[in-house]
Amino acid sequence: MHPPQDGNRRLDSWKAIAEYLGRDTGTVRRWEKTQGLPVRRVPGGPGRSVFAFTGQIDGWLRDADLRNGSGGQAPTADRLTRRRGWRST
């Protein structure tokens, strides 16, 4: 595995992924199943740990914008940016 690039840190739990997206863990798990949120699992069977990279999540959000526009089920990068209090550059 390649080390993460700048701005592409690893989130090592459902809780960390949910915090990054500004949602609860149930929503994030649902998005992984129904919307294709890019979450990976550590090998080892049921109940194994999960992780995701912020760069892949950000790409997924951009793709959701293109797929769904502002009215889709998946979050849009613009809506989450406003929710997290970030400014667009």
Side-chain angles (χ1 to χ4, degrees):
M1 178 174 9
H2 300 285
Q5 299 172 0
D6 291 341
N8 191 25
R9 65 178 217 263
R10 182 175 156 151
L11 305 170
D12 287 319
S13 67
W14 285 115
K15 184 177 178 181
I17 296 165
E19 285 177 3
Y20 182 75
L21 289 169
R23 305 295 177 150
D24 63 42
T25 57
T27 299
V28 172
R29 287 174 184 249
R30 184 176 68 248
W31 287 347
E32 188 243 349
K33 288 181 181 177
T34 64
Q35 302 293 327
L37 179 66
V39 175
R40 300 168 187 242
R41 286 174 171 72
V42 175
R48 59 192 185 239
S49 298
V50 297
F51 66 95
F53 291 102
T54 58
Q56 291 177 345
I57 291 173
D58 293 342
W60 176 80
L61 289 169
R62 282 189 299 278
D63 291 346
D65 282 343
L66 295 175
R67 284 190 309 270
N68 300 321
S70 61
Q73 291 181 347
T76 65
D78 184 52
R79 285 183 4 223
L80 284 177
T81 298
R82 286 194 307 263
R83 183 178 182 132
R84 289 188 278 188
W86 294 351
R87 291 187 191 156
S88 184
T89 56

Practice item. Working to the nearest 0.5 Å, report the span between CD1 of I57 and CH2 of W31. Key: 10.5 Å
Exercise for review: Grab the two heavy atoms, one from D58 and one from Y20, that are nearest each other, plus how far apart they are.
Suggested key: OD1-OH, 2.7 Å
Point to revise | Interatomic spacing from CG in L61 to CD in Q56 - rounded to 0.5 Å | key: 12.0 Å
Check your understanding: Who passes side chain to side chain donor-acceptor pair (under 3.5 Å) against R29, sequence neighbours left out?
Key -> none
Review point. Nearest 0.5 Å, what's the OG1-CH2 distance between T54 and W60?
Key: 14.0 Å
**Study point:** Set of side chain to side chain contact (heavy atoms under 4.5 Å, CB included) partners for S49, sequence neighbours left out
**Key:** V42
Exercise for review: Measure across L21 and V28 and return the closest heavy-atom pair with its distance rounded to 0.1 Å.
Suggested key: CD1-CG2, 4.1 Å
Exercise for review: Please name the pair of heavy atoms, one in R62 and one in G55, separated by the smallest distance, quoted to 0.1 Å.
Suggested key: NH2-O, 4.5 Å
**Study point:** Listed partners of T27 passing side chain to side chain donor-acceptor pair (under 3.5 Å), at least two apart
**Key:** D24
**Study point:** Main-chain N/O of K15 paired to T25 side chain as donor or acceptor, under 3.5 Å
**Key:** no
**Study point:** Minimum heavy-atom distance P38-A52, with the two atoms named
**Key:** O-CB, 3.5 Å
Exercise for review: For E32, enumerate each residue passing the side chain to side chain contact (heavy atoms under 4.5 Å, CB included) test, keeping only those at least two apart in sequence or located in another chain.
Suggested key: W14, L37, V39, R41
